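One structure below.
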Amino acid sequence: MEPVLDHRWDLTPKEAIALQKQLAGRVSLRKEFGRLRTVCGLDVSYDKTSDRFYAVAAVLSYPDLKIVEISQAAARSPFPYVPGLLSFREIPVAREALAGLQTLPDLLVCDGQGYAHPRRFGLACHLGVLYDRPSIGAAKSRLCGEFKEPKSEKGSWTWLLGDGEKIGQVVRTRTGVSPLFISPGHRVDFHTARKIVLSLCPKCRLPETTRLAHQEVNRLRREMNAR
DNA sequence: GCGACAG
DNA sequence: ATCTTGTCGC
């Protein structure tokens with residue numbers, strides 16, 4: 001799959017922030033897709049010894065969650081890790097993995113925030129807008145916003161609020177585990193984003209898409225590192 | 001000034 | 001993210 005929009009990536013943090021504010025205006029928080037047939041999970045792994053990034057895009061069938069296709073890529077890290085600017089560090093590698101896909105997935109599930117971001121433009125929004133594709137952010141921890149702890153039972157959830165606005169949902173994807181921070185990326189609403197992520201978590205805390213992409217990208221990194 | 005801070 | 005194995009518990 002190819003982006004429908006692109007921009008420079010060799011930016012300074014200040015320029016990156018200005019670009020986020022500009023692109024944030026393109027995000028849609030409405031559900032703009034029909035029946036899901038394929039869902040793509042993305043994950044990036046970093047090897048500090050070689051300063052290299054590895055990315056994996058794993059496409060699963062939906063709702064049976066069987067692996068349909070896996071694409072991988074490697075690249076040098078172009079941007080430092082700055083809270084709030086993660087997409088500028090991970091998308092350059094991720095897009096190479098996405099470029100290798102034969103399947104055009106109906107939805108992208110990202111390992112990070114979507115709308116639940118200081119400028120409402122997290123990794124999932126950024127990818128969704130560049131590809132003009134439905135996307136959801138499912139992060140393991142909070143970047144910003146306040147929330148009340150949801151009940152411990154699977155499916156329980158609370159709103160994540162930022163500046164008095166609903167920016168995401170804190171969701172218990174398994175009973176007794178720490179919650180996931182779910183927010184829309186692009187072309188999806190809060191309710192649908194939460195429901196879909198829960199349907200992607202039949203046995204683990206993380207969505208099968210993310211879990212499998214994570215497993216594959218780590219296998220790839222160790223394999224390349226052993227050469 | 002101080003603490004927080006996706007991966 | 002990465003550094004790292006086994007172990008306790010449902």
Side-chain angles (χ1 to χ4, degrees), chain A residues 9 13 16-17 20 23-24 27 41-58 72-95 97 108-129 135-147 152-154 160-163 167-186 193 197 201-207 209-226:
Chain A
W9 292 93
I17 287 175
Q20 289 184 321
L23 295 177
V27 171
L42 278 168
D43 195 36
V44 171
S45 182
Y46 176 61
D47 177 40
K48 71 174 187 181
T49 64
S50 63
D51 189 39
R52 304 254 306 181
F53 269 153
Y54 294 100
V56 161
Q72 51 189 45
R76 184 73 74 181
S77 65
F79 202 88
Y81 171 69
V82 178
L85 300 179
L86 178 66
S87 61
F88 291 89
R89 182 172 171 78
E90 300 202 338
I91 291 184
V93 202
R95 39 182 291 159
L108 298 175
V109 176
C110 306
D111 184 23
Q113 315 294 342
Y115 194 71
H117 178 277
R119 289 165 292 283
R120 310 292 181 261
F121 198 69
L123 173 64
C125 297
H126 202 153
L127 272 172
V129 166
S135 64
I136 293 174
K140 298 181 291 299
S141 63
R142 181 197 72 104
L143 170 61
C144 65
E146 306 81 50
F147 66 98
S152 67
E153 290 68 42
K154 174 175 184 175
L160 176 61
L161 307 173
D163 305 304
I167 61 175
Q169 299 147 100
V170 186
V171 185
R172 203 73 74 175
T173 56
R174 292 296 287 172
T175 297
V177 303
S178 53
L180 245 43
F181 294 77
I182 302 171
S183 59
H186 186 44
V197 172
C201 302
K203 58 180 182 182
C204 295
R205 177 201 177 211
L206 296 178
T209 40
T210 301
R211 198 175 67 77
L212 291 171
H214 192 270
Q215 179 177 300
E216 283 305 303
V217 80
N218 281 321
R219 185 187 57 63
L220 172 64
R221 176 172 54 77
R222 296 175 201 131
E223 180 178 298
M224 295 300 282
N225 205 9

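Throughout, protein chains are lettered first and strands after them, A, B, ... in sequence-line order, and every chain is numbered starting at 1. Predicted, not measured: the structure shown is a model, and the values here were computed from it.
The side chain of A:Asn218 places no N or O atom within less than 4.0 Å of a non-bridging phosphate oxygen (OP1 or OP2) of C:dA1. Contact between the side-chain N/O atoms of A:Arg142 and the OP1/OP2 oxygens of B:dC5 is found at a separation under 4.0 Å. Residue A:Ser45 places at least one side-chain N or O under 4.0 Å from the OP1 or OP2 atom of C:dT2. Distances shorter than 4.0 Å separate none of the side-chain N or O atoms of A:Lys140 from OP1 or OP2 on B:dA6.
Among the protein residues, A:Arg221 comes within range of the sugar-phosphate backbone only, with heavy atoms under 4.0 Å from sugar or phosphate atoms but none that close to a base. Residue A:Gly176 is out of contact with every strand shown, counting any heavy-atom pair closer than 4.0 Å. A:Leu85 comes within 4.0 angstrom of a base, heavy atoms only.
Atom CZ of A:Arg222 is separated from atom C1' of C:dT4 by 11 Å (rounded to the nearest Å). Straight-line distance from the CG atom of A:Asp47 to the P atom of C:dT4: 12 Å, rounded to whole Å. Across the protein-nucleic acid pair, A:Leu42 atom CG and B:dG7 atom C1' stand 13 Å apart, rounded to whole Å. Counting to the nearest Å, the P atom of C:dT2 and the CE atom of A:Met224 are 16 Å from each other. Atom CD1 of A:Ile182 and atom C1' of B:dA6 are 14 Å apart (whole Å). Taking atom CD on A:Glu146 and atom P on B:dC5, their separation rounds to 12 Å, with Å as the unit. The distance from atom CD1 of A:Ile167 to atom C1' of B:dA6 is 12 Å, rounded to the nearest whole Å. Following rounding to the nearest Å, A:Arg219 (CZ) and C:dT2 (P) show an atom-to-atom distance of 15 Å.
Between A:Tyr81 and A:Tyr46, a ring centre-to-centre spacing not shorter than 6.0 Å is recorded.
A 4.5 Å side-chain heavy-atom check between A:Val197 and A:Val171 finds every atom pair outside the cut-off. Put simply, the side chain of A:Leu206 does not reach to within 4.5 Å of the side chain of A:Thr173, judged on heavy atoms.
Among C:dT2, B:dC5, B:dG7, the nucleotide with an atom closest to any side-chain atom of A:Leu143 is B:dC5. In the set B:dA6, C:dA1, B:dG7, the nucleotide with an atom closest to the side chain of A:Asp111 is B:dG7. Counting only heavy atoms from C-beta on, A:Leu123 has its side chain closest to B:dA6 among B:dA6, C:dC3, C:dA1.
No more than 12 heavy atoms of other residues, nucleotides or ligands sit less than 6.0 Å from atom CG of A:Asp163.
Across A:Cys125 and A:Pro184, no two heavy atoms sit closer than the pair SG-O, 3.8 Å.
Per the stacking criterion (ring centres < 5.5 Å, plane angle < 30°), A:Tyr81 stacks onto the base of B:dG7.
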